[in-house]
Amino acid sequence: MLDFPGLEGITYLDSAASSQTPNQVLARMEHYYQRDRANVHRGAYALSSRATDAYEEARQKVADFLGTDADQCVFTRGTTDALNLLARTLPGKKIALSVMEHHSNLVPWQQRPEAELIWIEISEDGRLDQASLEAALAQKPDIMTLTWVSNVLGTINPIQEIARRCREQGTLLVVDAAQGVPHLPTDVKELGCHFLVFSGHKMLGPTGIGVLWGERQQLEKLPPYQFGGSMVGLVTREKTTFADLPQRLEAGTPPIAEAIGLGAAIDFLRARGMAKVRQHEKELTGLALHELRKIPDLRIAGPQDPEKQGGVISFQVGKVHPHDVATILDRRNVCVRAGHHCCQPLMRRLTDMWTPGARAPIALVRASFYLYNQPEDVAQLVEGLQEARKVFSRG
Amino acid sequence: MLDFPGLEGITYLDSAASSQTPNQVLARMEHYYQRDRANVHRGAYALSSRATDAYEEARQKVADFLGTDADQCVFTRGTTDALNLLARTLPGKKIALSVMEHHSNLVPWQQRPEAELIWIEISEDGRLDQASLEAALAQKPDIMTLTWVSNVLGTINPIQEIARRCREQGTLLVVDAAQGVPHLPTDVKELGCHFLVFSGHKMLGPTGIGVLWGERQQLEKLPPYQFGGSMVGLVTREKTTFADLPQRLEAGTPPIAEAIGLGAAIDFLRARGMAKVRQHEKELTGLALHELRKIPDLRIAGPQDPEKQGGVISFQVGKVHPHDVATILDRRNVCVRAGHHCCQPLMRRLTDMWTPGARAPIALVRASFYLYNQPEDVAQLVEGLQEARKVFSRG
Amino acid sequence: MGDEEDLYREIIVDHSQSPRNQGTLEHPTHQHHGYNPLCGDEIELQLEVSDGRIQQVVFQGSGCAISQASASMLTQQLKGKTMTEATHLIGTFKTWMKDRQAEQCPESLGDVEALAGVRSYPVRVKCALLAWTTLEHALAGH
Amino acid sequence: MGDEEDLYREIIVDHSQSPRNQGTLEHPTHQHHGYNPLCGDEIELQLEVSDGRIQQVVFQGSGCAISQASASMLTQQLKGKTMTEATHLIGTFKTWMKDRQAEQCPESLGDVEALAGVRSYPVRVKCALLAWTTLEHALAGH
Ligand SMILES: Cc1ncc(COP(=O)(O)O)c(C=O)c1O
Ligand SMILES: Cc1ncc(COP(=O)(O)O)c(C=O)c1O
């Protein structure tokens with residue numbers, strides 16, 4: 001794994017939190033810093049023009065990756081930033097969202113003045129509850145916002161089908177693709193949603209960068225979110241006119257190196273092929289589910305079906321607390337996450353399903369895969385879990 | 001200049017737009033990506049703990065650099081982001097600001113619902129007009145927001161004195177230190193303002209990072225700006241409690257590598273010594289002013305006094321348009337900016353002073369210095385300007 | 001892995017699986033609800049102080065083995081202590097937790113010393129501390 | 001620096017300092033105000049078209065030498081041309097500006113060809129184009 005020096009000596013199973021970054025991405029950013037270091041869109045000299053070209057080429061790479069045009073791709077600081085932008089600028093009161101949303105796709109909507117949230121429940125196997133989805137649609141929400149892939153359950157939601165329904169009735173569909181774009185072949189036209197957002201750091205890119213994609217017509221309706229340099233036309237003391245898209249939504253000096261790094265990450269992913277990435281993760285997920293099911297007392301959340309889920313598996317190991325499991329794994333250099341995974345309402349829901357009446361919400365251990373993981377990593381995980389069980393059966 | 005590979009073969013005089021980045025900063029970020037690559041504040045494993053430590057150490061470095069505590073330093077995506085945060089969350093209607101503000105410290109305030117702007121004018125030599133400042137103070141604005149150092153005129157504003165006056169009457173003072181912190185020794189307690197913001201990319205750091213510093217008492221009053229992961233306490237479907245500072249103001253995965261890079265930039269600056277940085281720029285500015293004044297028809301804006309200004313000089317070369325000047329300089333690999341420098345109201349004001357009655361606002365050529373510039377760079381600039389004059393005296 | 005290094009000694013596993021002094025008091029004079037939002041660990045601590053001494057101390061909680069074992073072992077140490085002694089104990093424990101080097105605890109903490117291994121896991125130190133900061137708040141009357 | 005490379009040929013400097021066809025019309029049939037917010041260049045272009053031909057064309061503007069010289073030279077080319085010819089001219093110029101390789105302009109553009117050097121300065125191409133996109137808008141009746 002020469003491309004990923006960060007993986008040396010560790011079993012990294014936390015790509016859903018943040019992925020590793022290949023040397024190719026670092027080299028491309030370094031090239032910017034060492035050879036093209038200037039601000040963009042501003043300079044009247046060749047260096048700045050090179051920086052601008054590199055930045056805009058990165059935007060084109062994002063567009064090609066999503067099957068769309070560059071002016072529909074707004075660089076943000078991440079998924080959370082993009083979702084806050086939408087929650088602040090989209091009109092409407094009735095907002096439908098699912099119980100499996102990440103805090104970043106929940107709290108911004110919940111905290112909107114006068115927001116009326118419509119909750120879509122989940123089934124026992126961690127998928128969107130069909131009846132509840134129908135009921136939500138029937139209320140004709142102004143906005144529906146859904147995660148493409150759950151960062152806890154792994155569930156892949158049927159965005160295409162839901163988008164069709166939303167369009168029929170004039171509901172705007174926002175897709176949190178933080179766990180989708182990095183792992184699944186993406187074509188925004190095929191998906192059919194109105195907006196789609198994701199982060200660079202979960203797809204081999206650097207921290208500090210994300211993307212807001214929007215249907216052109218919808219994007220054009222958005223008022224500016226932040227104000228400042230680069231997003232203006234004429235500025236007088238009294239008033240300001242604004243630039244065209246995508247600049248209108250990118251105030252101030254943008255994350256230049258980060259955008260360029262994301263472009264390089266996309267090059268890396270395209271060279272591998274997203275269909276292959278998905279296939280690889282599907283196989284690992286299948287293997288892991290198979291192995292984990294053999295461990296007594298281990299309880300897995302979500303669909304437990306590699307066809308219906310991404311490379312994310314969350315579970316409990318008997319009564320051993322997830323943090324203790326994670327620490328025991330960490331002693332073997334196996335990196336997993338433990339806790340509520342920024343999904344407290346989902347954890348509450350799972351608690352009510354798994355241990356009805358319990359006051360404290362459960363926590364889960366999560367293992368997540370990416371293109372650099374191998375069957376060997378699953379074996380390491382399983383061994384570590386067996387040790388955890390042993391430690392806690394001494395008492 | 002081995003530390004700055006970006007300077008090879010060029011005369012870089014545009015640090016006010018964005019500075020070069022030393023190898024030490026790149027190496028520190030690379031170390032994070034290659035050895036500590038994980039998300040922060042979330043993992044239950046050693047790798048993530050190292051990432052968190054590195055991120056929080058960077059915050060401590062920022063705090064030490066400003067003479068303050070770490071929990072008062074909020075990482076933002078840049079100056080513009082920080083100013084938008086303040087413009088969105090600070091209460092008050094009457095906002096005083098100067099004519100020399102950058103669009104990023106103007107448009108966010110102008111676009112606030114019900115904002116009542118009070119303008120502080122400038123004198124002929126590009127300093128805050130004393131009478132106008134007094135008049136603004138007399139209106140007891142809720143907020144006064146001022147640039148520490150003008151990115152066009154170079155003017156260093158007397159923040160300490162103004163802060164004292166603001167405090168006497170309960171006006172909150174926000175300081176746009178985008179051009180201050182990179183170039184002047186900074187002690188926020190000595191300055192006495194309530195808030196201070198700046199960007200990493202103008203002080204040898206990476207793009208995509210900035211800082212909002214606030215007096216603890218004032219910072220604590222700010223409601224959250226963006227919502228999402230990391231900034232919450234308890235989240236239910238109905239409501240959310242928020243984390244303590246500084247996390248409360250940092251939603252989502254933060255710019256981890258960028259914060260670490262900024263920490264390394266601060267190490268670099270401290271090793272050089274900020275007093276020395278200032279002294280060096282003062283000398284270069286003095287030299288440049290001396291040489292530029294010898295060029296016929298060259299008109300300089302601002303104080304024209306290295307004691308009263310930072311390393312920023314803006315000017316016109318006779319009737320030659322600034323963009324043509326910049327291009328002629330660029331052919332000699334001398335990088336300067338030309339245009340309105342994101343300060344259209346200031347350009348309007350200068351137009352009214354310099355060419356009363358003119359409809360179109362003037363533009364200016366700007367040369368700006370940093371610690372890596374040398375007297376040789378001034379000589380290159382002067383030679384280029386002489387060529388520009390020659391080209392345009394042929395006609 | 002040496003015994004000193006071992007985070008999950010039998011005594012810790014035992015305390016976490018069979019916590020001592022669990023329950024609630026009818027008339028607590030001091031109490032506090034400690035919560036770590038990052039990991040969800042919770043401890044509800046109740047004390048009965050009279051004649052300047054801690055007469056009774058109980059807790060209820062949920063969370064990882066470290067946080068619950070630490071709470072259980074803490075309650076064992078508290079009974080009969082004066083407020084000053086308790087405050088002192090908190091200080092001693094906190095200092096020791098943050099010092100990976102210190103071979104032994106400067107003062108006997110009884111079973112609590114089994115938490116020595118936690119010091120090698122910075123991310124888990126906050127788990128061990130929860131009961132103690134909760135006690136601190138309870139004594140301060142928050 | 002070869003002549004072809006030279007951005008600021010005498011003819012350009014001359015046009016920028018003494019622009020041709022400056023002014024305003026009393027009864028323009030077509031007009032447009034072109035503005036580049038990034039650099040502040042402005043061009044107000046007015047035309048009088050009758051019998052399908054451009055009879056009069058004038059401009060007023062401010063900005064860099066490239067933008068003003070380009071406008072001045074453009075007006076020289078337009079007089080007497082039909083709308084279709086003018087539209088064709090715009091297309092030819094735009095294509096040529098974006099092609100750094102093309103030795104010569106595919107069609108004679110007269111003095112305009114002195115702008116050849118601009119093609120080596122991508123940041124300045126937009127300056128040369130401003131007058132032409134303004135004309136495009138004017139003809140389209142915007
Ligand atoms: C005085 C001043 N304020 C604000 C800014 C905006 O900073 P940024 O673009 O890094 O957000 C700049 C630089 O562009 C500046 O010079
Ligand atoms: C489903 C989902 N949505 C949103 C986010 C937030 O992304 P970020 O922290 O990069 O803004 C994450 C990851 O943390 C996620 O998994």
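Order of the sequence lines sets the chain letters (A, B, ...), proteins ahead of strands, with each chain counted from 1. Not measured: the values here are computed from a predicted model.
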Heavy-atom distance under 4.5 Å to chain A: side chain of [X], backbone, both or neither?
X        : result
B/Val232 : side chain
B/Leu234 : both
B/Arg349 : side chain
B/Tyr225 : both
B/Val99  : side chain
B/Gln110 : side chain
B/Pro361 : neither
B/Glu238 : backbone

What verdict does the side chain to side chain donor-acceptor pair (under 3.5 Å) test give for B/Thr236 and A/Gln344, after you've listed the backbone C-alpha separation in whole Å, the side-chain angles of each residue and the deciding distance to 0.1 Å? CA-CA 7 Å; B/Thr236 65; A/Gln344 290 177 33; over 6 Å; no
Considering only heavy atoms and a distance below 4.5 Å, find which of A/Gly339, A/Ser199, A/Pro206 pairs most often with chain B. A/Pro206
Enter the distance from B/Phe4:CZ to A/Tyr33:OH here, rounded to the nearest 0.5 Å. 13.5 Å
Quick one: pull up CD1 in A/Ile10 and CG in B/Leu47 and give me the separation to the nearest 0.5 Å. 5.0 Å
Should A/Glu121 and B/Arg237 count as an ion pair when the cut-off is N to O under 4.0 Å? yes
